[in-house]
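Here the structure comes first, spelled out in structure tokens, and everything after it is commentary.
All chains are named by letter (A, B, ...) in the order of the sequence lines, taking the proteins before the strands, and each is independently numbered beginning at 1.
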Amino acid sequence: MAFFTWLFTRHEGGQFVLRTEDTDRTRSTEAFEAAILEDLRWLGISWDEGPDVGGPVGPYRQTERAGLYREHAAILVERGAAYPCYCLPEELEAERQRAAAEHRPFRYSGRCRDLTPAGRAEMEAAGRRATLRFRVPAAHGPLVVDDLVLGRVEFAPEDLDDFIIQRSDGSPLYNFANVVDDHTMRITHITRGAEHLSNTPRQFLMYEAFGWAQPRVAHFPSLLGVDRKKLSKRHGDTAVREYKAQGYLPEALVNFFALMGWYPEDGREIFSVEEMITRFRIEDVGKSGAVFDAQKLTWMNGVYLQEALRRTPERVVELVVEALRGAGLLDGDAGPEQRAYVARVVAIMGERLRLPKDVLTYGDFFFRDEIVYDPQAVRKQFRGQATAAMLGRLRDALGGVVPFELAGIEKAVRDTAAALGVESKDVIHPVRVALTGKTVGPGLFELIAVLGRERVLARLDRAARLAQETVPHGDGAR
RNA sequence: GGCCCCAUCGUCUAGAGGCCUAGGACGCGGCCCUCUCAAGGCCGAAACGGGGAUUCGAAUUCCCCUGGGGCCA
């Protein structure tokens, strides 16, 4: 993906040229491009030239460069470095099948390589439309790729078949289009995924045919899914969208991506974009593909969410509002009042969040009129009449707390426990269940203050009735 | 199928001949702290794919195999 290219150019102080490679027309739409650019921007990845901002060597969309490719294909044909091939896909497929059946490697037969003008005319007359094939030179030394990440890699030219550079409809193939683009855009360093390594010798051959200097290349390790298969482009791109929608922070994503294949010398894992750029060294990039570990990403997001909480709590509030909306616990048009309420909630439980949606597991009760009692929690903390009585007492105590604030609330709870001759926690736990329906969540006193007297008293009442019905099991647990 | 790349805990990785009893991080388990959970602190389980070779000595170099991935089809 564009990520390492960005890191590399920013570190080296070069120009990052973004190009839309949409020769694979089946899945290329303007909307698709716009979405990708938007995601990159959201991640904080910036470029100096590209389809949206233009630049001196544009246009930056391959579909807008069709003429350029045709011109250059013509040059190769003129030089004899490429030739029209009239073989039909079905014929090629048949040859391939035959090769497989006879257990020998499939090579292009070269049938059209030395077609005479008369032979070509015959094919044309038969209504065949030609693709263009690149003629791999017969006697050529080893093709050496001196990769910035992988080191020296050699390919034997005789292993390369004459390959197609232009489809019969005149559209260019990826490999060819890239060579033309990279040269005409004066690209000095090609940085791309490792899956393109095998294309490199073919591209070098084309550079030679044109008489162009070869740029440096760097192949970064691929990102793998949990199945160890390479994350497809589509897959990876939609992933960013999904993480964004789930409330992941872009800085967490960027930090996480950086660690996929590259580690700073001192082993630190959390660093800012600035640090990342200054410390990034292409020679430290690993060679093996890395599996995307969603759990670690989530952990890292927690780290950044905590930082955001300290620095810009309103940003966390915004994220939490989105999560609540998504869960249907907040109106679509959360007004300032509701936001202020969410802010209070975030203030007392923000440190528990790794993802905005964690608000649902720790604090959904702040946003429900009817809270949901976790049966297990009820069974564990409610002891029939005794609990009901205790809740009633606390209700009365809380009813008299003025102002309804932390200190008074805590005193009321602890005094109730003392009056009952039990430990504070023996009151706190059942009360938490009574007010929230669960055994996990923010501190009880804080939560009571945020909930407010009215709701607290109502929930205590309701819980007392529930507790009464909850007869302790005779299982000897206590 | 041919060619190419890769190979350390489940995952991301440190390690560039002795510093390795293989280190860190996420995750996992335990303990502590504590009103619960989370966080935090401490502790723990967990890896050099296999076989040769070089060397006084190999995770580290070389070869083969195996496995995974990719490109071309």
Side-chain angles (χ1 to χ4, degrees), chain A residues 89 92-93 95-97 99-108 143 145 147 149-151 153-164 173-175 193-203 219-231 256-270 283-284 286-303 305-306 309 348-354 358 361-363 377 380-381 410 413-414 417 423-433 436 438-448:
Chain A
L92 261 10
E93 180 56 31
E95 280 185 39
R96 198 172 305 131
Q97 303 264 338
E102 293 167 18
H103 296 288
R104 57 181 171 77
F106 167 71
R107 306 288 316 272
Y108 167 60
L143 291 155
V145 175
D147 192 276
V149 172
L150 263 15
V153 184
E154 265 192 37
F155 295 85
E158 52 273 24
D159 290 327
L160 266 30
D161 257 346
D162 286 359
F163 51 93
I164 297 177
L173 265 81
Y174 171 87
N175 261 331
E195 64 272 20
H196 289 120
L197 178 64
S198 322
N199 286 324
T200 311
R202 276 177 257 273
Q203 298 191 326
H219 288 93
F220 291 95
S222 317
L223 228 52
L224 275 22
V226 278
D227 56 359
R228 292 223 136 250
K229 288 256 198 301
K230 187 183 105 54
L231 242 36
F256 183 74
F257 283 142
L259 256 22
M260 303 260 75
W262 169 74
Y263 257 69
E265 321 83 80
D266 60 4
R268 251 182 69 211
E269 297 195 307
I270 304 289
E283 52 268 50
D284 291 337
K287 298 177 177 181
S288 52
V291 174
F292 196 93
D293 181 2
Q295 279 190 315
K296 186 154 185 173
L297 203 214
T298 300
W299 164 78
M300 195 168 275
N301 197 69
V303 172
L305 202 60
Q306 292 312 310
L309 199 59
I348 65 168
M349 56 166 279
E351 60 183 8
R352 268 153 251 257
L353 305 177
R354 291 192 311 171
D358 288 339
T361 84
Y362 294 118
K380 189 173 170 200
Q381 297 297 345
E410 174 160 5
V413 173
R414 295 203 188 277
E423 285 190 70
S424 295
K425 63 168 105 177
D426 293 327
V427 170
I428 288 170
H429 294 324
V431 171
R432 180 193 313 286
V433 174
T436 72
K438 47 185 71 184
T439 56
V440 302
L444 184 71
F445 314 130
E446 288 84 353
L447 141 198
I448 288 175

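Within 4.0 Å of Pro201(A), counting heavy atoms only, lies no atom of the nucleic acid at all. Counting any heavy atom pair closer than 4.0 Å across all strands shown, Met260(A) reaches sugar-phosphate atoms only and no base atom. In this structure, Leu444(A) reaches the bases: a heavy-atom distance under 4.0 Å links it to at least one base atom across the strands shown. Nucleic acid contact class of Glu154(A) (heavy atoms, under 4.0 Å, all strands): sugar-phosphate only.
C4(B) sits 12 Å from C65(B) when the P atoms are compared, rounded to a whole Å. Taking atom C1' in both G15(B) and G23(B), the straight-line distance is 8 Å, to the nearest Å. Taking the P atoms as reference points, A46(B) lies 23 Å from G41(B), given to the whole Å. On the P atoms, G67(B) is 22 Å away from C62(B), given to the nearest whole Å. Using P as the reference atom, G1(B) and G51(B) are 26 Å apart when rounded to the nearest Å. For G50(B) and A45(B), the C1' atoms lie 25 Å apart once the distance is rounded to whole Å. Straight-line distance between the P atoms of U21(B) and C63(B): roughly 27 Å, to the nearest whole Å. Spacing between A58(B) and G17(B) at atom C1', rounded to whole Å, works out to 6 Å.
Atoms CE (Met349(A)) and P (U36(B)) sit 17 Å apart, rounded to a whole Å. In this entry the distance linking CZ of Arg268(A) with P of U13(B) reads 18 Å, nearest Å. Straight-line distance from the NE2 atom of His429(A) to the P atom of U34(B): 13 Å, rounded to whole Å. Computed from coordinates, the Glu423(A) CD to U36(B) P distance equals 11 Å when rounded to whole Å.
Separation of the Phe163(A) and Tyr108(A) ring centroids does not fall under the 6.0 Å cut-off.
For C5(B), the OP1/OP2 oxygens have no side-chain nitrogen or oxygen of Lys287(A) closer than 4.0 Å.
Remark: Asp358(A) engages no residue in a salt bridge (charged side-chain N to carboxylate O under 4.0 Å, His left out) (not counting sequence neighbours). Residues forming a ring-ring contact (aromatic ring centres under 6.0 Å, His included) with Trp262(A) (at least two apart in sequence, or on another chain): Phe271(A), Phe280(A). Residues forming a salt bridge (charged side-chain N to carboxylate O under 4.0 Å, His left out) with Glu195(A) (at least two apart in sequence, or on another chain): Lys230(A). Residues satisfying the side chain to side chain contact (heavy atoms under 4.5 Å, CB included) criterion with Glu158(A), sequence neighbours excluded, are Ala156(A). Scored by the salt bridge (charged side-chain N to carboxylate O under 4.0 Å, His left out) test, Glu446(A) finds no partners at all (sequence neighbours excluded). Judged as a ring-ring contact (aromatic ring centres under 6.0 Å, His included), and not counting sequence neighbours, the contacts of His196(A) are Tyr174(A). Legend: residues meeting salt bridge (charged side-chain N to carboxylate O under 4.0 Å, His left out) with Glu93(A), ordered by chain and number and at least two apart, are Arg96(A).
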### Task
At under 4.0 Å between heavy atoms, which parts of nucleotides 24-31 of chain B does protein reach? Answer with one letter per nucleotide, 5' to 3': B base, S sugar-phosphate only, - none.
BBBS----
So which protein N/O to nucleotides 71-73 of chain B N/O distances come out below 3.5 Å?
{"unit_1": "C71(B)", "atom_1": "O4'", "unit_2": "Ser198(A)", "atom_2": "OG", "d": "3.4"}
{"unit_1": "A73(B)", "atom_1": "O3'", "unit_2": "Arg96(A)", "atom_2": "NE", "d": "2.7"}
{"unit_1": "A73(B)", "atom_1": "O3'", "unit_2": "Arg96(A)", "atom_2": "NH2", "d": "2.6"}
{"unit_1": "A73(B)", "atom_1": "O2'", "unit_2": "Arg96(A)", "atom_2": "NE", "d": "3.3"}

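Look at C3(B): its Watson-Crick or wobble partner, with both distances under 3.5 angstrom, is G70(B).
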